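Below is one structure, written out as structure tokens, with a few remarks after it.
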Amino acid sequence: MMRNIDKIIIHCTATPEGKDYTVDEIRGWHVSGNGWKDIGYHFVVHLDGEVSLGRPVDQIGAHCKGQNANSIGVAYVGGCTADGKTPKDTRTAAQKKALRNLVAILEHSFPGATLHCHNEFANKACPSFKIQDF
């Protein structure tokens with residue numbers, strides 16, 4: 001049975017600008033580093049705009065405390081300057097296009113779902129931009 005989805009939440013991987021990571025690498029951080037059962041995000045958008053599947057959409061994610069049960073987590077690779085610490089909107093043109101296309105598909109699939117940034121629910125910079133800049 002499909003979950004009741006009412007939010008789409010955008011994240012970044014909080015990784016250095018221009019450095020791509022695979023879903024398996026991110027999954028490793030989440031499983032080995034955090035002790036989670038799988039990658040926390042449902043989708044990952046790479047530097048070239050490729051969209052990879054993360055955790056299956058019918059499973060509750062691990063991406064936004066207090067919001068996971070009824071949301072889809074989408075992360076773009078990046079979100080920090082080259083030092084890997086300073087927040088920065090590092091989305092490439094391909095990532096911006098892919099994110100917009102993916103969100104449009106998700107909004108169609110889950111009518112009434114609202115779009116949010118992680119920083120609306122947590123005291124974090126993630127995804128290093130505000131929803132009005134989406």
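Not measured: the values here are computed from a predicted model. In this chain, residues are counted from 1 in sequence order.
- Checked against side-chain hydrogen bond (donor to acceptor under 3.5 Å, both in side chains), T81 has the following partners two or more places apart in sequence or in another chain: D83.
- With sequence neighbours excluded, no residue forms a side-chain hydrogen bond (donor to acceptor under 3.5 Å, both in side chains) with R55.
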Let me see the working for L115 and I10 under side-chain contact (heavy atoms from CB on, under 4.5 Å), right down to the final yes or no.
CA-CA 8 Å; L115 183 62; I10 307 296; 3.8 Å; yes
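- Relative orientation of the H118 and H11 rings is tilted, given thresholds of 30° and 60° on the angle between their planes.
- With sequence neighbours left out, the ring pair (Phe, Tyr, Trp, His ring centres under 6.0 Å) criterion links F110 to no other residue.
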Tell me, with the steps shown, if V77 and Q95 meet side-chain contact (heavy atoms from CB on, under 4.5 Å).
CA-CA 9 Å; V77 175; Q95 281 177 311; 4.1 Å; yes
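- Note: S71 OG to I8 CD1 = 9.5 Å, rounded to the nearest 0.5 Å.
- Minimum heavy-atom separation, H116 to T114: NE2-OG1, 2.6 Å.
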Distance-only donor-acceptor hits, side chain of residues 126-134, under 3.5 Å, sequence neighbours excluded:
from : atom 1 : to  : atom 2 : distance (Å)
S128 : OG     : G79 : O      : 2.7

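- For F43, the ring pair (Phe, Tyr, Trp, His ring centres under 6.0 Å) test picks out no residue, with sequence neighbours left out.
- Listed by first and then second residue, the salt bridge (charged side-chain N to carboxylate O under 4.0 Å, His left out) pairs that reach into residues 21-35 are D24-R27, R27-D38, sequence neighbours excluded.
- Within the structure, no pair that satisfies the salt bridge (charged side-chain N to carboxylate O under 4.0 Å, His left out) test touches residues 99-128, not counting sequence neighbours.
- Cluster note: F121 groups with I9 through ILVMFWY side-chain heavy atoms spaced under 4.5 Å, whether in direct contact or through intervening members.
- The stretch residues 67-98 participates, sequence neighbours left out, in no ring pair (Phe, Tyr, Trp, His ring centres under 6.0 Å) pair at all.
- When all heavy atoms of A75 and T13 are compared, the closest pair comes out as CB-CG2, 4.4 Å.
- Between atom CG of residue L99 and atom CG of residue L106 there is a gap of 10.5 Å, rounded to the nearest 0.5 Å.
- Taking the six-membered ring where the residue is Trp, the centroids of H30 and Y41 are separated by under 6.0 Å.
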side-chain contact (heavy atoms from CB on, under 4.5 Å), that's the test. Do L102 and V74 meet it? Break it down for me.
CA-CA 9 Å; L102 175 58; V74 176; 3.7 Å; yes
Please lay out, stage by stage, how N70 and I60 fare under the test side-chain contact (heavy atoms from CB on, under 4.5 Å).
CA-CA 8 Å; N70 299 99; I60 294 173; over 6 Å; no
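- The minimum heavy-atom distance linking A98 with V45 is given by the pair CB-CG1, 3.8 Å.
- Applying the salt bridge (charged side-chain N to carboxylate O under 4.0 Å, His left out) definition to pairs two or more places apart or across chains, those involving residues 13-22 are E17-K88.
- Residues V57 and I39 fall into different hydrophobic clusters, defined by Ile, Leu, Val, Met, Phe, Trp and Tyr side chains chained together at heavy-atom separations under 4.5 Å.
- Nearest heavy atoms, I72 versus R3: CD1-NH2, 3.8 Å.
- Among residues at least two apart or in separate chains, there is no ring pair (Phe, Tyr, Trp, His ring centres under 6.0 Å) pair with a member in residues 85-109.
- A donor-acceptor pair is defined here as one N or O able to donate and one able to accept, closer than 3.5 Å; such a pair exists between the side chain of D48 and the backbone of E50.
- Placement of W29 and L53 in two distinct hydrophobic clusters is found when ILVMFWY residues are connected by side-chain heavy-atom separations under 4.5 Å, directly or transitively.
- Every ring pair (Phe, Tyr, Trp, His ring centres under 6.0 Å) that H42 has, sequence neighbours left out, goes to H63.
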